[in-house]
Amino acid sequence: MEKILVTSALTYANGPLHIGHVAGSYLNADIFVRYNKLLGNDIIYIGGTDDYGTPISIKAEEEGVKPRVIAERYNKRMKKDLDGLNIQLDNFSGTSRPRHIKVSQDFFTNLLEAGYVNKKTLNQFYDEKHKRFLADRYIEGICPHCKSEGARGDQCDKCGKLIDAMSLIEPRSKISGEKPIIKETTHWYINLPKFEKQLREWLATKKYWKDNVLNFIMSWLNEGLIERAITRDLNWGIPIPLENTKGKVLYVWFDAPIGYISSTMEWAEKKGQPDLWKKYWLDPETKLIHFLGKDNIPFHTIIWPAVLSKQKEPFILPYDVPANEFLNLEGQKMSTSRNWTVWVEDYLKYFDGELLRYVLAANAPETKDSDFTWKDFQNKINNDLNNVLGNLANRTFIFIKKYLNGKVNKTENIDKLFAENLFSSGLNNNTPFYFDNLEDISDIINGIDESYKKYKVRRAVQLILLLTRIGNRYFDIEKPWVTIKKNRSEANETLFFCSELLRRISILFTPIMPEAMKKLRKMMNLADDFEWDDIKKVPESFKIGEVSPLFKKIEDAEIEKQLELLKEGSEIL
RNA sequence: GGCGGCGUAGCUCAGUCGGUUAGAGCAUCGGAAUCAUAAUCCGAGUGUCCGGGGUUCGAGUCCCUGCGCCGCUACCA
């Protein structure tokens, strides 16, 4: 049995959950966790919200409430959204909770005392009206290169050039619109160059990481690590634990990953075993796996391991960081500010969470950015789920009820059938590589197993669909509606095979569609508690219970409605 | 500007170490079947693998170059 600790990147609490979050770091993690639970591994799944930072603080000011109110609101709503998608974290915390504050401050202190933090003084823009230091992004002005208006402090969108905020002409605060003053401030920096050798040695042991992740890291390392500020001047954040440092807080991305630890502590406490978190975080046998979007790679593979390694307690370092790329929407980059996304809350008003799980799994941005379109959503549900899988289940069960008194019995040759090459005629020699060398159904099942292990959810989906196609073909070839008339046992054989195939699919598909598979199993009177190894355990018979369609088709009008809603823009923000 | 990635069928995408006639699903066309939610099954066509050059017995794959798109570029989080 393996011990695994899985995390999804903490989500920024300035809005509810959208499908980009789901595709980037939640669904893939949940599928991996569910698969491992079926295997019987000791696995916990931890996450939460990242509650601090300027955007939340500004939003709070606009609404005239405390930032904590905003963070708590979205934390709650996200939890609900995750529930609606059957994404089951063992704990969903938030970084504004007291425990997290204490742990983060200790982390800072330990790093400082170990000699890896330097203090520096620098000049920065300051908005006097809002009494706030301004991040580069919150300053606007005239670009010093192309002289056009509306350049931000970090970059000019017109000419694309990077800008040193201090060189902006006629700078003004994006928050108040007023001219900012330049003010001296002090910050603490993590001395990353001092970690370089250690990091390179550690990363050399991670050859099994995904290529996109390794590329990203190497580009950082090869540019040369520099010191990086881990504090900010803000009123909404974790105060740094030093004398005379009022208004200085930890930079959110310093404290956010620490949230994985504090969230695990919260989980342990809720379980009534406050030290249980140590069993995971302090045991070198634990595999720590961070699921996240590509934008988070450097934080989790450079800064986070560096910080972890200098604590007093022997924390484990990440075992794997299977980062996903981004999900686009109808061919365009998703953007919350342009309201170009699909909010889970909106989605759930119209469709079942399982359907989104399926579509995002089938089209996950595993190796490169992928595109979500409503038309594709409809196609995948109607074809893959409704027509191919749903119909296989329906025709099998209805047939058994109608012609075989609702029951089929195990046949002698069942193992042989599962070892026969039942699918090759539909494929030619140049099928995708993961279809090659598939001799029989057990090979396909092994392929699915391996795909889940390696976070290759798309491949798992393709192989499961291949199984359902085999079922439909077998049904057509054997023609039980003909054989039933002269040879009852022959029809029994066909239907037992199809039932057994569906039973195996109900296990194989559970990590992706747990509720739909539960429904499928219920129709077959199969138990809810099962494990991965049950795939091989053929029952003596199947008694079919009440039958209803597993899925239903999505009409064109429903899709048109979603496209309209997308154009209008959601109002849930 | 620098670094990295991407560009394959009408669409969404696979293509392992360089190896035979470049693949899947959807869409399209033709056929079969009638157990099933008109759901299924079989068959067929479709390609300047972004352009150009190079290495090689052999290139979608490796190298150079041009074009287009995207990400990162350390103070967005």
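Here is how names work: the chains are called A, B, and so on, in the same order as the sequence lines, proteins then strands, and each is numbered from 1. Quick note: numbers below take in every heavy atom, side chains included, and nothing from hydrogens, waters or symmetry partners.
- Side-chain N/O atoms of A:R228 include one lying less than 4.0 angstrom from OP1 or OP2 on B:rC75.
- Rounded to whole Å, atom C1' of B:rC75 lies 15 Å from atom CG of A:L192.
- Taking 4.0 angstrom as the limit, A:K333 places a side-chain polar atom (N or O) nearer than this to OP1 or OP2 of B:rG71.
- Remark: the separation of the C1' atoms in B:rC62 and B:rG18 is 8 Å, to the nearest Å.
- Donor-acceptor pairing under 3.5 Å, judged by distance alone, is present between the side chain of A:Y251 and the base of B:rA77.
- Along RNA chain B, the nucleotide nearest to A:N382 and the one nearest to A:D50 differ in position, and the one closer to the 5' end is contacted by A:N382.
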What pairs of nitrogen or oxygen atoms, one from the protein and one from nucleotides 4-13 of chain B, lie under 3.5 Å apart?
| unit_1 | atom_1 | unit_2 | atom_2 | d |
| --- | --- | --- | --- | --- |
| B:rC13 | OP1 | A:D371 | N | 2.8 |
| B:rC13 | O3' | A:R458 | NH2 | 3.3 |
| B:rC13 | O2' | A:R458 | NH2 | 3.0 |

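- For A:R469 and B:rC26, the shortest distance from a side-chain N or O to OP1 or OP2 is below 4.0 Å.
- Counting to the nearest Å, the P atom of B:rA39 and the CG atom of A:L550 are 16 Å from each other.
- In this pair, A:F254 and A:F108 present their aromatic rings perpendicular. The plane angle is above 60°, beyond the 30 to 60° band.
- Atom-to-atom, NZ of A:K294 to P of B:rC3 comes out at 19 Å; the value is rounded to the nearest Å.
- Residues satisfying the side chain to side chain contact (heavy atoms under 4.5 Å, CB included) test with A:T185, not counting sequence neighbours, are A:L122, A:Q124, A:F133, A:H187, A:D233, A:K248.
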Look for any protein N or O under 3.5 Å of an N or O in nucleotides 34-36 of chain B and output each such pair with its distance, or none.
| unit_1 | atom_1 | unit_2 | atom_2 | d |
| --- | --- | --- | --- | --- |
| B:rC35 | O2 | A:R395 | NE | 3.2 |
| B:rC35 | N3 | A:R395 | NE | 3.4 |
| B:rC35 | N3 | A:R395 | NH2 | 2.5 |
| B:rC35 | N4 | A:R395 | NH2 | 3.0 |
| B:rA36 | OP1 | A:K402 | NZ | 2.2 |
| B:rA36 | O3' | A:N394 | OD1 | 3.1 |
| B:rA36 | O2' | A:N391 | OD1 | 3.4 |
| B:rA36 | O2' | A:N394 | OD1 | 2.8 |
| B:rA36 | N1 | A:R395 | NH2 | 3.4 |
| B:rA36 | N3 | A:N391 | OD1 | 3.1 |
| B:rA36 | N3 | A:N391 | ND2 | 3.3 |
| B:rA36 | N3 | A:R395 | NE | 3.3 |

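- Because its glycosidic torsion is more than 90° from 0, B:rC70 is reported here as anti.
- Across all strands shown, B:rU40 forms a Watson-Crick or G-U wobble pair with B:rA32, both key distances being under 3.5 Å.
- Summarising the base pairing, B:rG4 is matched to B:rC70 through a Watson-Crick or G-U wobble pair whose two defining distances lie under 3.5 Å.
- The distance from atom CG of A:N296 to atom C1' of B:rG71 is 14 Å, rounded to the nearest whole Å.
- With both pairing distances under 3.5 Å, B:rG18 is matched to nothing as a Watson-Crick or G-U wobble pair.
- Ion pairing between a basic and an acidic side chain is recognised when a charged N comes within 4.0 Å of a carboxylate O; A:R132 and A:E61 show such pairing.
- Relative ring orientation between A:F399 and A:F475 is described as perpendicular, the plane-to-plane angle rising above 60° on a 0-90° scale split at 30° and 60°.
- In this view, A:Y52 satisfies the side-chain hydrogen bond (donor to acceptor under 3.5 Å, both in side chains) rule with no residue, not counting sequence neighbours.
- Comparing the same atom, P, in B:rA22 and in B:rU28 gives a spacing of 26 Å after rounding to whole Å.
- For A:K375, the side-chain hydrogen bond (donor to acceptor under 3.5 Å, both in side chains) criterion is met by A:Q378, not counting sequence neighbours.
- The CZ atom of A:F125 sits 16 Å away from the P atom of B:rC75 (whole-angstrom rounding).
- Ring geometry, A:F372 versus A:W374: the interplanar angle exceeds 60°, so the pair is classed perpendicular (tilted spans 30 to 60°).
- Atom pair A:R232:CZ and B:rC76:P shows a separation of 7 Å (rounding to whole Å applied).
- Comparing A:L465 and A:P549 by the nucleotide of RNA chain B whose heavy atom lies nearest to each, the residue mapping closer to the 5' end is A:L465.
- Listed nucleotides: B:rA74, B:rA77, B:rU40. Nearest to the side chain of A:F299: B:rA77.
- Legend: residues meeting ring-ring contact (aromatic ring centres under 6.0 Å, His included) with A:Y116, ordered by chain and number and at least two apart, are A:F195.
- Comparing the same atom, C1', in B:rC11 and in B:rG58 gives a spacing of 33 Å after rounding to whole Å.
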